[in-house]
Amino acid sequence: MLKKLLLALLLVIVSASTAYLLLMVNMKNGLSTDRVAINTLVKVTELNWGSIQGKLFDDIPYDFAIIDTSETLVYQTKNDISVTENEAINHRDTLIDIVVQGQTVGKVIINNGYDALFSRMQLQFSFIFAASLLLLACLCLAYILYLNRMIFRPFSKMQRFAKHIAKGELDIPLEMDRNHMFGAFTESFDMMRDELAAARHSEYLANKSKKELVASLSHDIKTPVSSIKAVTELMLLSASNDKISRQLNTLYAKADQIDHLVTDMFHATMEELNELQVNVTEEHSHLLGELINNANYYGQITMAPVPDCVITADSLRLQQIIDNVVNNSYKYAATAIEVACVIIEGFLEVQFMDFGPGVPEEELPLLFNKFYRGSRAVNQNGSGLGLYISRYLLRKMHGDIICSNHQNGFMVKLLIPLAGKN
């Protein structure tokens with residue numbers, strides 16, 4: 001494009017120069033004189049002085065006037081030419097003396113047509129100048145458009161791209177165009193964007209993995225720690241002397257300290273809990289008996305027979321859910337727990353019923369909110385996350401959890417999907 005513009009500029013300069021030279025040559029040709037014709041005019045006038053007639057000058061190519069010494073007009077070829085010496089001088093006409101018998105009797109004023117010639121040349125020159133200016137203006141406009149397409153517009157794109165990068169918006173590519181001087185740079189910058197996006201994604205995956213591991217481990221640690229605390233409490237009731245009581249109290253205090261530290265770590269990673277992995281497999285329903293027995297460290301759970309069926313669940317996550325439900329019942333109801341199982345519409349429904357005060361009806365819809373703790377949990381340790389996590393994990397298994405009050409206490413239902421039904 002730039003080469004074409006430079007070539008066009010060169011053509012304009014050459015054309016303007018050629019037109020100017022032709023104008024000068026035309027002007028020179030227009031100013032040339034026929035000396036033979038002029039001499040003939042003077043001789044004929046001198047020979048016929050006193051009897052001047054128009055037919056004597058038929059072969060003379062010039063317009064002229066003849067005057068005597070008193071500037072009286074003797075003859076003229078047309079009306080609009082000089083007829084006095086002053087007019088001839090002003091119009092740059094040629095004055096030639098007429099000499100008869102050695103005396104000057106008059107003058108011949110030959111009209112050179114300088115005024116008409118200069119007017120014509122001025123018009124031609126103005127036309128050439130205006131045409132040159134117009135062509136130069138067109139070239140300037142074309143050059144501005146060229147600069148806009150090849151420099152300003154690509155630079156603006158790169159500027160906007162840099163702003164997107166600075167804001168962290170790495171999913172907006174930079175359009176590559178090799179037809180301008182920034183073509184190679186745009187390709188390099190877009191490669192840089194890809195590398196930054198890949199690095200950010202790798203960092204995200206690494207952080208995700210770390211937070212998921214911390215959240216999973218911290219939550220899993222809470223369950224055995226709670227068991228240690230519960231068993232320690234039972235042993236304290238049957239301690240035989242002060243030394244054993246002190247040792248058990250120390251053990252309980254340390255377990256409680258670990259529980260608080262793990263809870264703090266758990267809170268720090270809760271925003272990433274939605275990324276906890278759940279690996280669903282097919283399991284026989286007798287697995288529920290084992291999982292519930294693992295949570296029965298107070299010996300207060302009574303369990304009805306479990307129907308024979310195949311469920312789809314993650315046994316590790318299901319243990320966490322059951323531990324949460326049982327711990328909440330021990331903490332807030334402090335009563336015996338009855339467990340019943342029934343198959344309903346493609347789910348194995350596991351019902352945990354305690355005989356405590358239950359939950360106010362207006363608080364039931366809030367139980368699964370993150371960090372929510374009911375009005376009856378003010379004096380109890382906890383983070384308000386157990387039911388939130390339990391529902392999340394069950395829904396990852398395509399099941400659900402439902403809380404409600406019953407006539408004699410509080411009930412939690414776990415809906416565990418049957419194999420091949422959901």
Side-chain angles (χ1 to χ4, degrees), residues 215-216 218-234 252 255-256 258-260 262-264 266-267 270 273 276 288 291-303 313 316-341 349-395 397 399-416:
S216 179
S218 60
H219 190 266
D220 290 347
I221 290 172
K222 288 177 65 67
T223 298
V225 169
S226 297
S227 300
I228 293 172
K229 291 171 64 178
V231 172
T232 304
E233 283 182 303
L234 290 174
Y252 183 87
D256 191 56
I258 293 172
D259 188 38
H260 281 89
V262 171
T263 300
D264 292 339
F266 199 39
H267 287 170
M270 271 311 300
L273 274 178
L276 287 173
L288 286 171
L291 300 181
I292 293 172
N293 186 59
N294 291 337
N296 191 20
Y297 38 81
Y298 284 121
Q300 295 185 3
I301 298 177
T302 302
M303 186 174 179
L316 177 62
R317 300 304 184 188
L318 195 55
Q319 180 72 73
Q320 291 179 232
I321 295 167
I322 293 173
D323 288 341
N324 278 327
V325 172
V326 172
N327 285 335
N328 282 345
S329 181
Y330 286 159
K331 185 186 300 183
Y332 301 116
T335 67
I337 301 173
E338 292 184 359
V339 179
C341 300
E349 183 179 289
V350 184
Q351 303 171 354
F352 292 83
M353 294 173 286
D354 63 41
F355 302 93
V359 176
E361 290 294 329
E362 64 273 12
E363 295 182 8
L364 285 175
L366 306 176
L367 292 179
F368 297 103
N369 291 349
K370 188 186 297 185
F371 302 117
Y372 176 79
R373 304 194 70 206
S375 58
R376 294 175 180 171
V378 176
N379 298 321
Q380 298 287 344
N381 292 328
S383 59
L385 295 171
L387 290 177
Y388 168 80
I389 297 171
S390 297
R391 185 175 67 170
Y392 168 76
L393 294 176
L394 260 177
R395 287 184 173 179
M397 301 178 204
D400 207 345
I401 182 171
I402 300 172
C403 293
S404 62
N405 291 312
H406 66 92
Q407 185 176 0
N408 299 317
F410 188 69
M411 177 186 294
V412 177
K413 297 178 181 180
L414 306 183
L415 302 179
I416 303 172

Give the C-alpha distance, both sets of side-chain angles, the deciding distance and a yes or no for side-chain contact (heavy atoms from CB on, under 4.5 Å) between L415 and V350. CA-CA 7 Å; L415 302 179; V350 184; over 6 Å; no
Measure the [atom1]-[atom2] distance between [X] and [Y] for me, rounded to the nearest 0.5 Å.
| X | Y | atom1 | atom2 | result |
| --- | --- | --- | --- | --- |
| L393 | Y388 | CG | OH | 10.0 Å |
| C341 | M303 | SG | CE | 4.5 Å |
| D354 | N408 | CG | CG | 10.5 Å |
| R317 | S390 | CZ | OG | 11.5 Å |
| L366 | L387 | CG | CG | 12.0 Å |
| Y252 | T232 | OH | OG1 | 8.5 Å |

If you measure from the Lys or Arg side-chain nitrogens to the Asp or Glu carboxylate oxygens, is any gap between R395 and D400 under 4.0 Å?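 Yes.
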Please evaluate residues N294 and I322 with respect to the criterion side-chain contact (heavy atoms from CB on, under 4.5 Å), reporting the C-alpha separation (whole Å), side-chain torsions for both, the decisive distance (0.1 Å), and the verdict. CA-CA 9 Å; N294 291 337; I322 293 173; over 6 Å; no
All side-chain hydrogen bond (donor to acceptor under 3.5 Å, both in side chains) counterparts of [X], not counting sequence neighbours:
| X | result |
| --- | --- |
| N369 | none |
| E338 | none |
| Y298 | E233 |
| N327 | Y297 |

Could you tell me which non-hydrogen atom of [X] sits nearest to which non-hydrogen atom of [Y], and how far apart they are?
| X | Y | result |
| --- | --- | --- |
| P357 | A333 | CD-CA, 4.5 Å |
| A295 | D323 | CB-OD1, 3.3 Å |
| I321 | M397 | CD1-CE, 4.1 Å |
| A255 | I228 | CB-CG2, 4.1 Å |

For a side-chain contact (heavy atoms from CB on, under 4.5 Å) check, start with the C-alpha distance between L414 and I402, then their side-chain angles and the critical distance, and finish with the verdict. CA-CA 7 Å; L414 306 183; I402 300 172; over 6 Å; no
With a 6.0 Å cut-off (strictly less than), is the heavy-atom count around CD of E362, excluding the residue itself, greater than 12?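 Buried by this count: over 12 neighbours within 6.0 Å.
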Mind running side chain to side chain donor-acceptor pair (under 3.5 Å) on Q320 and N324 for me, showing each step along the way? CA-CA 6 Å; Q320 291 179 232; N324 278 327; over 6 Å; no
H406 side chain vs G358 backbone, donor-acceptor pair below 3.5 Å: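 Side chain of H406 to backbone of G358: no pair is present.
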Does L291 offer a backbone N or O that forms a donor-acceptor pair with the side chain of Q319 under 3.5 Å?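 Here the side-chain-to-backbone pair exists.
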Decide yes or no on side-chain contact (heavy atoms from CB on, under 4.5 Å) for F410 and C403, but give the supporting numbers first. CA-CA 8 Å; F410 188 69; C403 293; 3.6 Å; yes
Contacts of E361 that satisfy side chain to side chain contact (heavy atoms under 4.5 Å, CB included) - sequence neighbours left out: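 With neighbours one apart ignored, the set is L364, N405.
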Taking only residues two or more places apart in sequence or in another chain, which ones pass side chain to side chain contact (heavy atoms under 4.5 Å, CB included) with I301?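 Side chain to side chain contact (heavy atoms under 4.5 Å, CB included) list for I301, sorted by chain: I292, N296, V326, Y330, I337, V339.
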